[in-house]
Peer 1: 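Let me begin by handing over the structure; questions about it come next.
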Amino acid sequence: MKIRTITTALAAAVLASVAPADEDADLVVEGETLITRAPAPAHVENLTEVLSGWLFRSDETQALQTDDFDNPGMIFVDQALDTWDEVDGAAGKACASCHEDPSSLAGVRTTMPKVNEDGELWAMEDYVNDCRTTRMEAEPWKWESQDMLNMTALVSLQSRGMPMNVAIDGPAQSYWEQGKEMYYTRYGQLDMACANCHEDNYGNMIRADHLSQGQINGFPVYRLKWAGLGSIHRRFKGCMENIRAEPFKRGSDEFTALELYLASRGEGLSVEGPSVRN
Amino acid sequence: MVRISGAVLIALLAAGPAGAEVVAPQQVIFDDGAVPSSLTGVPGNAEVGRTIAVDRKLGNCLACHENTDLAAEPFHGEVAPPLDGVADRWSEAELRGILINSKMMFEGTIMPAFYRDTGYSRILPDFEGMTILDAQQVEDVLAYLLTLTE
């Protein structure tokens, strides 16, 4: 009897992990409906609609993101709130010294990555580290460090619900073109481009994985597989390794350019960070 | 006497296709995307091919193709046409060509080339100069595919 119960529970768990996604569901977080479907922007030639990766996840995974108490990513936002007020570095400053409340950074995430004053394309991690090294005179954080992930989650949360809206013209255009070229370039022994899976085959199963459009509006993401938060560039790296390709480095110009292009493909989708995915 | 013959036979099998030249990836000759001649001269083993088709690190055919013959295996992909009846739709030579490098027949396909060792961009060093399947594995998978009739 006991064994039977365990077996049934196991079976239920297995079924839950492969439960079909509800692609028609609405993402309502703490009473606010986020935009998970939007008309494709003109610069995305081959899509008519852009869709959040949330739509492609199982009911159980979807549910985790609808309540901030259930969202395991929110623990790390709380940790970042502590860091926000902590003085670090020779200048004797905390984040709060310049930015006061995190809510002052509302909207920032929608525009990332963004060209800086020197004409370089920077991701949010680069801006955070510029604050740390230039203003705080503190050590920079590593790209995938817990401190960095926590902080990008906190900053992203301030823009939750706001539509992604990165600049792709002017000084950003050449970076955008670079990212676009990468998106359609086949890499690795499996010889696949981002587009092969995420443009041509979203909605299809590839073995046990339900292919999404590869949107990045939900990052940093709490990924159940990682049992923690991860950056956009970490996900890129994983994708490249899956196709047996030598990944670019996290924080590299290449990944940041690809990030810009992908961010532009999600124009109109709500910022969801920290989102929950499998 | 019998024992010796057996040993010789095993030695021959272990050495691979004795007498027959294995066609190197860059020596494969395509005819309209098809490859009429065997890569090894050794008939493929359909049972072995079936295992390769399932193996995620080898053929991993199920990643993209649904296949009723492998219904016992979980998670069949939806990216590519089902393999049911594939031997009715394609000839042996065509299927061999598709396995070796399907881009010779279907330009722009997502399907990896299983017997090509050059021309990749940013291939992981572990796989540099290597093919996904070796020549005999291609013949084995081919033998398996030829069993899929309706």
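Here is the naming used below: chain letters follow the sequence lines, and residue numbers restart at 1 for every chain.
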Peer 1: Return the minimal non-hydrogen interatomic distance between B/Tyr120 and A/Gly188, and the atom names on each side.
Peer 2: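 Looking at all heavy atoms of both residues, the closest pair is CD2-O, 3.2 Å.
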Peer 1: Show your working on side chain to side chain contact (heavy atoms under 4.5 Å, CB included) between A/Asp200 and B/Val79 and close with a plain yes or no.
Peer 2: CA-CA 9 Å; A/Asp200 300 340; B/Val79 165; over 6 Å; no
Peer 1: Keeping the roles fixed (side chain from B/Arg122, backbone from A/Glu246), state whether a donor-acceptor pair exists under 3.5 Å.
Peer 2: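 Flag set: sc B/Arg122 to bb A/Glu246 pair under 3.5 Å.
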Peer 1: Do the side chains of B/Pro112 and A/Gln189 get nearer than 4.5 Å, heavy atoms only?
Peer 2: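 Not in contact.
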Peer 1: Check whether any side-chain heavy atom of B/Ile110 lies under 4.5 Å from a side-chain heavy atom of A/Asn201, and answer yes or no.
Peer 2: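 Yes. Closest side-chain heavy atoms under 4.5 Å.
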Peer 1: Check this for me: A/Glu181, atom CD, are more than 12 non-hydrogen atoms of other residues, nucleotides or ligands nearer than 6.0 Å?
Peer 2: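 Open.
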Peer 1: Please tabulate, for the side chains in residues 227-235 of chain A, all donor-acceptor contacts under 3.5 angstrom to protein atoms that are two or more places apart in sequence or on a different chain.
Peer 2:
unit_1   : atom_1 : unit_2   : atom_2 : d
A/Ser231 : OG     : A/Glu144 : OE1    : 2.5
A/Ser231 : OG     : A/His233 : N      : 3.4
A/Ser231 : OG     : A/Arg234 : N      : 3.1
A/His233 : ND1    : A/Gly251 : N      : 2.9
A/His233 : NE2    : A/Glu259 : OE1    : 2.8

Peer 1: Should we count CG of A/Asn46 as having more than 12 external heavy atoms under 6.0 Å?
Peer 2: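 More than 12 heavy atoms, drawn from other residues, nucleotides or ligands, come within 6.0 Å of this atom.
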Peer 1: Check each atom of A/Ile243 against the heavy atoms of chain B and say whether the ones under 4.5 Å are side chain, backbone, both or neither.
Peer 2: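 When you check distances to chain B, no heavy atom of A/Ile243 falls under 4.5 Å.
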Peer 1: Under a 4.5 Å cut-off applied to non-hydrogen side-chain atoms, are B/Thr109 and A/Asn196 in contact?
Peer 2: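 Contact flag for B/Thr109/A/Asn196 side chains = no.
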Peer 1: Just wondering, more than 12 heavy atoms not from A/Lys114 lying within 6.0 Å of its NZ?
Peer 2: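 Counting other residues, nucleotides and ligands, NZ of A/Lys114 stays at 12 neighbours or fewer.
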Peer 1: Do you know which of A/Met192, A/Met205, A/Glu241 has the most heavy-atom pairs under 4.5 Å to chain B?
Peer 2: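 Top option by heavy-atom pairs under 4.5 Å: A/Met205.
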Peer 1: Among A/Arg244, A/Arg207, A/Met240, which residue has the highest count of heavy-atom pairs closer than 4.5 Å to chain B?
Peer 2: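 The residue among A/Arg244, A/Arg207, A/Met240 with the greatest pair count is A/Arg207.
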Peer 1: For B/Pro74, is it the side chain, the backbone, both or neither that has a heavy atom under 4.5 Å from a heavy atom of chain A?
Peer 2: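 For B/Pro74, the contact with chain A is made by the backbone alone.
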Peer 1: With a 4.0 Å cut-off, would you call A/Asp191 and B/Arg116 a salt bridge?
Peer 2: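 Here A/Asp191 pairs with B/Arg116 in a salt bridge, since their nearest N and O are under 4.0 Å apart.
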Peer 1: Are there over 12 heavy-atom neighbours, none belonging to A/Glu45, within less than 6.0 Å of that residue's CD?
Peer 2: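 Yes, the 6.0 Å shell around CD holds more than 12 heavy atoms from other groups.
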Peer 1: Is it the side chain or the backbone of B/Asn60 that comes within 4.5 Å of chain A heavy atoms, both, or neither?
Peer 2: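 For B/Asn60, backbone and side chain are both near chain A.
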Peer 1: Is there a side-chain contact between A/Arg186 and B/Ser121 (heavy atoms, below 4.5 Å)?
Peer 2: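 A side-chain contact is absent here, since even the closest heavy-atom pair is not under 4.5 Å.
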